[in-house]
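Whatever order the structure lists ligands and atoms in, that order sets their numbers, starting from 1.
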Amino acid sequence: MLLLLLLSTGVLPLAGQFLLPPSVFSAAVIRGEETSPTSRPYMAYVQIGSTGSCGGFLIQEDVVLTAAHCNCNLDKMFVYLGVKDFIEPAHNWQRIQVRRWVQHPDFNNENFDNDIMLLKLLKGAELNDWVATIRLPEANQAISPGTACSTAGWGRTGANTNTDRLQEAEQEVVSDSLCKERFQYYNSTTMLCAGNPHVNKSASQGDSGGPLVCDGVVQGIVSSGTLDGSPPSIYTRISNFIPWITETLQKLS
Ligand SMILES: *[C@@H]1O[C@H](CO)[C@@H](O)[C@H](O)[C@H]1NC(C)=O
Ligand SMILES: *[C@@H]1O[C@H](CO)[C@@H](O)[C@H](O)[C@H]1NC(C)=O
């Protein structure tokens with residue numbers, strides 16, 4: 001269960017931070033709401049070795065996108081699809097091993113620039129009511145402040161509260177300047193700023209790698225934020241990475 005990398009201004013991320021004890025990782029969206037069973041069929045729970053996890057989302061039946069910082073060089077990763085909660089195994093779960101992972105070559109683990117990673121699965125998922133792909137944006141598609149979006153994850157639901165249930169929260173796109181003020185490393189070409197500071201909801205530890213969905217299209221990947229989880233937080237700006245995604249998919253096919 002990994003983390004949204006918790007960076008406060010000027011503080012660099014700690015490599016291997018997601019190797020903290022599992023209790024720290026099973027988290028969700030702070031003060032979000034529980035999802036209905038089939039409302040987010042693209043959600044993937046990415047299990048990293050035996051101690052870590054992240055969110056992710058299905059973009060092809062055998063491809064999941066997540067954050068580059070969710071890699072920890074362990075040999076085995078699995079994705080769980082069709083999961084709403086981890087309370088009891090359900091018939092709609094699909095657990096598939098990751099065959100190859102490709103981190104963005106320019107991922108910077110000090111400032112989390114280019115925080116995107118593609119996971120090629122050992123076999124294609126079976127698509128049904130619980131498991132489905134989500135649409136990517138057009139290359140360089142602009143997204144204006146004020147756009148209503150939402151995120152979801154199994155991350156923390158409060159400062160010290162974990163959950164096994166998928167949670168979701170609205171996240172409005174806000175201006176780049178709000179993130180620039182707050183995070184010295186914010187780069188508006190590769191990052192997207194979302195989460196209205198006046199609304200008490202945000203992505204949190206354990207949500208890393210999860211999607212920011214706007215109008216049925218995935219525009220962002222949960223990447224980093226503040227230690228206390230207060231909005232706004234930083235998402236990878238997916239529209240900037242469409243050429244890289246296309247090229248990588250071709251190489252992997
Ligand atoms: C922001 O990212 C772009 C694309 O990777 C890069 O060309 C640019 O130099 C970066 N800007 C800063 C201030 O680092
Ligand atoms: C957010 O909610 C928490 C818990 O309900 C509260 O302690 C905190 O003061 C709130 N923050 C804001 C900015 O409203």
Side-chain angles (χ1 to χ4, degrees), residues 2-18 54-57 59 63-73 100-120 135-147 149 151 171-197 202-203 207-214 217-227 230-252:
L2 178 80
L3 340 154
L4 178 175
L5 206 297
L6 306 164
L7 312 172
S8 36
T9 311
V11 177
L12 295 178
L14 304 171
Q17 189 165 4
F18 50 97
C54 265
F57 45 92
I59 58 163
V63 178
V64 165
L65 270 190
T66 183
H69 77 261
C70 293
N71 152 56
C72 58
N73 289 316
R100 278 201 61 186
W101 47 264
V102 186
Q103 239 181 342
H104 193 282
D106 300 324
F107 169 59
N108 179 329
N109 73 14
E110 293 195 340
N111 62 14
F112 280 26
D113 207 9
N114 307 302
D115 196 7
I116 184 168
M117 178 164 67
L118 200 145
L119 308 178
K120 175 83 169 179
R135 212 146 51 86
L136 291 168
E138 305 281 327
N140 302 315
Q141 183 184 328
I143 171 152
S144 7
T147 304
C149 306
T151 188
Q171 287 284 278
E172 169 186 326
V173 174
V174 296
S175 72
D176 290 322
S177 59
L178 275 179
C179 275
K180 276 184 192 145
E181 272 165 27
R182 214 160 171 195
F183 310 99
Q184 287 160 2
Y185 57 89
Y186 184 78
N187 182 332
S188 58
T189 307
T190 53
M191 302 175 187
L192 184 61
C193 188
N196 186 326
S202 74
D207 293 326
S208 280
L212 181 75
V213 180
C214 319
V217 174
V218 63
Q219 296 283 359
I221 302 174
V222 177
S223 177
S224 70
T226 53
L227 199 53
S230 60
S233 41
I234 301 180
Y235 294 80
T236 306
R237 190 183 285 273
I238 297 177
S239 63
N240 184 60
F241 294 96
I242 297 300
W244 177 77
I245 294 171
T246 310
E247 202 180 293
T248 308
L249 288 176
Q250 276 164 2
K251 281 190 201 149
L252 285 177

Are any non-hydrogen side-chain atoms of D115 and I221 less than 4.5 angstrom apart?
no
Can you list every pair where an N/O of ligand 1 is under 3.5 Å from an N/O on the protein?
residue	atom	partner	partner atom	Å
ligand 1	2 (O)	N187	OD1	3.4
ligand 1	2 (O)	N187	ND2	2.4
ligand 1	11 (N)	N187	ND2	2.9

With the side chain counted from C-beta on, respond yes when L65 and I245 share a heavy-atom pair under 4.5 Å apart, and no when they do not.
yes
Indicate yes or no: at least one non-hydrogen side-chain atom of T226 is less than 4.5 angstrom from one of F183.
yes
Does F107 reach the side chain of I116, with side-chain heavy atoms less than 4.5 Å apart?
no
Results of side chain to side chain donor-acceptor pair (under 3.5 Å) for T189 - residues two or more places apart only
N187
Side-chain donor/acceptor of D113 to backbone N/O of T190, under 3.5 Å:
no
